[in-house]
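Keep in mind that what you see is a predicted model, and the values were worked out from it rather than measured. Letters A, B, ... mirror the listed sequences (proteins, then strands); counts begin at 1.
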Number of protein chains: 2
Amino acid sequence: MAVNTPNETLCGSASIHKNKVLAAIKAEPPSESLLELSELFKVFSDPGRLRILSALSESELCVCDLQEVLSASQSAVSHQLAMLRAARLVRTRRDGKTVYYSLADSHVRAILLVGLEHVEEKRGLA
Amino acid sequence: MAVNTPNETLCGSASIHKNKVLAAIKAEPPSESLLELSELFKVFSDPGRLRILSALSESELCVCDLQEVLSASQSAVSHQLAMLRAARLVRTRRDGKTVYYSLADSHVRAILLVGLEHVEEKRGLA
DNA sequence: TATTCATATGTATGTATATTCATTTATGAG
DNA sequence: CTCATAAATGAATATACATACATATGAATA
């Protein structure tokens, strides 16, 4: 059992680049933002949700449409939609018994697109 | 127990929007891409990794620098770096015993920036 | 060779997340 | 009001994941 705390086990201070470390710490976004950002990306980190967002970037759709697009159960789709709602990535509109979903804003598509670009590019030089 | 398969339990076909559903299915990226994309975003879905990427977007840093920036154990940092390497988001350069990390390409910063934009904007109208 | 230091990897455990089934709420029709 | 249907929610389980701890590799050096 190690007694020393993990944080103090630094490599010899000779090889640390103090100024760069300080600059990096200074430039760091506030931890609030980092947390929100990580949660945002977490929502994007599931193929099912990506499919929903992709579908909604084509057109507004109701829950049972999405059920059909994803070939998933109503409950599963609804749970994913709840998460997307919580993350404010989608908007809802009710018409009678039917609830229609659409993308909340243009950032959603932007994030999808820049991510896809990266993936497609990396595929080339794999 | 219900006998019907989940997929067939659709809302009355009257309320389904066949053409939109088909369009959404047609426009869907290949499942390969969706999977890679979800894995890409998963890498971004941790505050620690975001901090590493943020730090590296300032300047190239070695592992023990990052240890200091994050106030994390060497093991934790090394694990996160392994994940970032696997996702090809960072590049390494060895100089003697020291391994220097830097961002792999400009997409990484782009994704960070558009995500941060979204987060900052949402904060305004919360 | 033996030792030390920087980094990497393996394993085990708690936590988080997705899915399913069952139930509940909301809306519209008869 | 009662019944049927769309969507949402809750509880339970099974899987995935992050982390901590221990150990391993590999280079420099004494």
Side-chain angles (χ1 to χ4, degrees), chain A residues 1-17 35 38-39 41-52 60-68 70-87 90-101, chain B residues 1-17 35 38-39 41-52 61-68 70-87 90 92-101:
Chain A
M1 55 182 78
V3 176
N4 50 359
T5 71
N7 297 353
E8 307 201 62
T9 311
L10 298 167
C11 54
S13 49
S15 65
I16 291 185
H17 313 85
L35 204 73
S38 69
E39 277 160 14
F41 285 128
K42 184 168 296 179
V43 179
F44 281 87
S45 74
D46 177 83
R49 286 191 291 272
L50 290 178
R51 290 176 73 193
I52 291 177
E60 174 189 75
L61 294 169
C62 73
V63 176
C64 69
D65 289 337
L66 289 168
Q67 233 175 292
E68 184 145 320
L70 299 192
S71 306
S73 75
Q74 180 272 322
S75 180
V77 171
S78 189
H79 273 111
Q80 302 288 42
L81 287 173
M83 195 170 309
L84 293 171
R85 256 184 291 129
V90 296
R91 241 183 326 209
T92 62
R93 172 179 76 83
R94 178 155 218 143
D95 181 17
K97 328 186 207 185
T98 310
V99 176
Y100 290 90
Y101 281 81
Chain B
M1 59 174 69
V3 177
N4 49 1
T5 71
N7 297 352
E8 307 201 62
T9 310
L10 296 169
C11 54
S13 49
S15 65
I16 292 186
H17 313 85
L35 203 73
S38 68
E39 277 161 12
F41 285 128
K42 184 167 296 177
V43 178
F44 281 87
S45 73
D46 178 84
R49 286 191 291 271
L50 290 178
R51 290 176 73 193
I52 291 177
L61 293 169
C62 74
V63 176
C64 68
D65 289 338
L66 289 167
Q67 234 175 292
E68 183 144 323
L70 299 191
S71 306
S73 74
Q74 181 273 320
S75 178
V77 171
S78 188
H79 272 280
Q80 304 289 40
L81 287 174
M83 198 170 308
L84 293 171
R85 257 185 289 126
V90 296
T92 62
R93 173 179 75 82
R94 178 154 219 144
D95 181 16
K97 334 185 204 183
T98 310
V99 175
Y100 289 92
Y101 283 80

Residue-level proximity of residues 76-87 of chain A to DNA chain D when a heavy atom falls under 4.0 Å
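Under 4.0 Å from DNA chain D: A:S78, A:H79, A:R85.
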Among residues at least two apart in sequence or on other chains, which ones pass ring pair (Phe, Tyr, Trp, His ring centres under 6.0 Å) with B:Y101?
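Ring pair (Phe, Tyr, Trp, His ring centres under 6.0 Å) check on B:Y101 returns nothing, list empty.
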Check whether any side-chain N or O of A:S73 sits under 4.0 Å from OP1 or OP2 of C:dT20, and answer yes or no.
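Yes, within the criterion.
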Would you say A:Y101 places a side-chain N or O within less than 4.0 Å of OP1 or OP2 belonging to D:dA8?
yes
Would you state whether a donor and an acceptor, one from the side chain of B:S75 and one from the base of D:dC21, lie under 3.5 Å apart?
yes
Parallel under 30°, tilted from 30 to 60°, perpendicular over 60°: which one fits the rings of B:F41 and A:F41?
parallel
What nitrogen or oxygen pairs link the protein and nucleotides 25-30 of chain D at under 3.5 Å?
none

Output all residues satisfying salt bridge (Lys or Arg N to Asp or Glu O under 4.0 Å) with [X], sequence neighbours left out; order by chain, then residue number.
| X | value |
| --- | --- |
| B:R93 | B:E60 |
| B:R49 | none |
| B:R85 | none |

Can you tell me how far P of C:dT17 sits from NZ of B:K42, to the nearest Å?
10 Å
Sort out the partner of C:dT15 for me: Watson-Crick or G-U wobble, both distances under 3.5 Å, none otherwise.
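Paired with C:dT15, as far as the under-3.5 Å criterion goes, is D:dA16.
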Between B:Q80 and B:L66, does the side-chain contact (heavy atoms from CB on, under 4.5 Å) criterion hold? Intermediate values first, please.
CA-CA 11 Å; B:Q80 304 289 40; B:L66 289 167; over 6 Å; no
Taking B:S78 for the side chain and B:S75 for the main chain, is one N or O donor matched with an acceptor at less than 3.5 Å?
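No; zero donor-acceptor contacts below 3.5 Å.
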